[in-house]
Amino acid sequence: MAQNIPTQEHQPSDTKALTFIVFTVAINMLGVGLAWPLLPKLVQEMGSGSVTDAAYAFAIIGTLFALTQFAFSPLLGSLSDRFGRRPILVVCLIGLGIDFLLTAIAPTMIWLGIVRFIGGIFAATITTANAYAADLSTPENRARNFGFIGAAFGVGFVLGPLLGGWLGAIDIRLPFVVAGVLSLANAAFGYFTLPESLSAEKRRAFEWKDANPFVALARVTSFPALSPLLIGLFITSMAQRGLESTWVLYTDFRFDWDVRAAAWSLAFVGLCYSIVQGGIVGPAVKRFGEWPIVIFGFASSTLAFTMTALAPQGWMMYPLILFYALGNGLSVPALSAICSKTVEENRQGQLQGALQSINAVAVIIGPFAAAMVLSHVSGPTPVVNIPGGWFWLGSLTCAIALVLAVRANRTRLAN
């Protein structure tokens, strides 16, 4: 892998390199954002057309994707510690591009499931991008740089759903074609333009034990001070991933939103996240510190889930999205910065792979559980007449994370 892709060891300034990776991530997320609102609808179109049946099928397909993401994220993170960030990022972008194109021509639900299963292998762009940002960071600006990566994701999600909703109205499969072409074009951009952030002398030998996701999780949880935060990250990610995976189907069921309306709301999500992570994270962490920002983020998420469960009208989702952006958008970069400070430079990829594995486990459980809840509260004869059932559960998990973070911070200050 390292021999086939030039390493570009002449490193430019950190600002220029960070600009490169932010731009790369933004283009990649533009492609992902194109397809995001349409995948649940594609599943619904392939099936019976009902929200209940689509929720079941989408839960299974999402779980397949998350399983491979969980299994391969530590491997790709460790490979980036050995061969550099740039070649791994390029390979992942190529894999995602092919995955999108195969999704566009999927004739059956089984085909779609297999394609998404394989696509999960290459869903490590966030792992590699965060490791890249860590390479360029000092302890003082680490949270800010992670915030820039999050903002790049947000920018992609502003433009992607808007374009995806427009293209999906023409043909529901068209956005997947465009997303695939964008990902492949971004791979070419990374190959010829993106500089390498991890110099050869800072790389480490690859060991297969580092590729084991369970070993990676055990290693990252071996820091007692981090355990409450990692538990909080897991359970809040589980709630958030469940919300994201069922958003299009839930707003259809609850507020009768079509694809375009859902796409507009997702674009607003991206706008809010880009503002929070690009403009607020850095100054907030500098002013208050990482731990208080994590605590504030968990509190904001708790409020957002509670109010969403109570909201009777669709327009109310927009102000609530602001609270979601403040909650997740502030807590994740600050938490990533705390974790990043605990490991050496040549293990940043391994750490980010382990953190991504935590997120992948959340992606396995959260979307499946949320889809099951939605399938039982929707339809003409719901098993339980609680339309916002998943949001009540999300509120509970975020409240637990908040309590854990507050107690851990008190213990840290006492010591």
Hits for side-chain hydrogen bond (donor to acceptor under 3.5 Å, both in side chains) against Ser300, two or more places apart or cross-chain, chain-then-number order -> none
For Arg241, the side-chain hydrogen bond (donor to acceptor under 3.5 Å, both in side chains) test, sequence neighbours excluded, returns Glu244, Asn359
Quiz: residues 323-335 side-chain donor-acceptor pairs under 3.5 angstrom, not counting sequence neighbours:
from	atom 1	to	atom 2	distance (Å)
Tyr324	OH	Ala304	O	3.4
Tyr324	OH	Thr308	OG1	2.8
Ser331	OG	Gly327	O	2.8

message = I'd like to know if Asp81 pairs up with Arg203 as an ion pair, taking the criterion as any Lys NZ or Arg NE/NH1/NH2 lying under 4.0 Å from an Asp or Glu carboxylate oxygen.
response = no
Can you list the residues that meet the side-chain contact (heavy atoms from CB on, under 4.5 Å) rule with [X], with sequence neighbours excluded?
{"X": "Ile98", "result": "Ile94, Leu102"}
{"X": "Ala399", "result": "Thr302"}
{"X": "Thr68", "result": "Phe72, Phe117, Ile121"}
{"X": "Ala299", "result": "Leu402"}

Here the side chain to side chain donor-acceptor pair (under 3.5 Å) pairs for residues 107-123, sequence neighbours left out, are Asp99-Arg116
So side chain to side chain donor-acceptor pair (under 3.5 Å) across residues 309-318, not counting sequence neighbours, yields Gln313-Trp315
d(Leu101 CG, Phe176 CZ) to nearest 0.5 Å is 11.5 Å
Rounded to the nearest 0.5 angstrom, the CZ-CZ distance for Phe391 and Arg254 is 9.5 Å
Can you sort out the partners of [X] under ring pair (Phe, Tyr, Trp, His ring centres under 6.0 Å), two or more places apart, ordered by chain and number?
{"X": "Phe148", "value": "none"}
{"X": "Phe189", "value": "Phe23"}
{"X": "Phe288", "value": "none"}

Lys NZ or Arg CZ of Arg86 over Tyr191 ring: under 6.0 Å, within 45°
yes
For Leu233 and Phe298, the nearest pair of non-hydrogen atoms, with its separation, is N-CZ, 4.2 Å
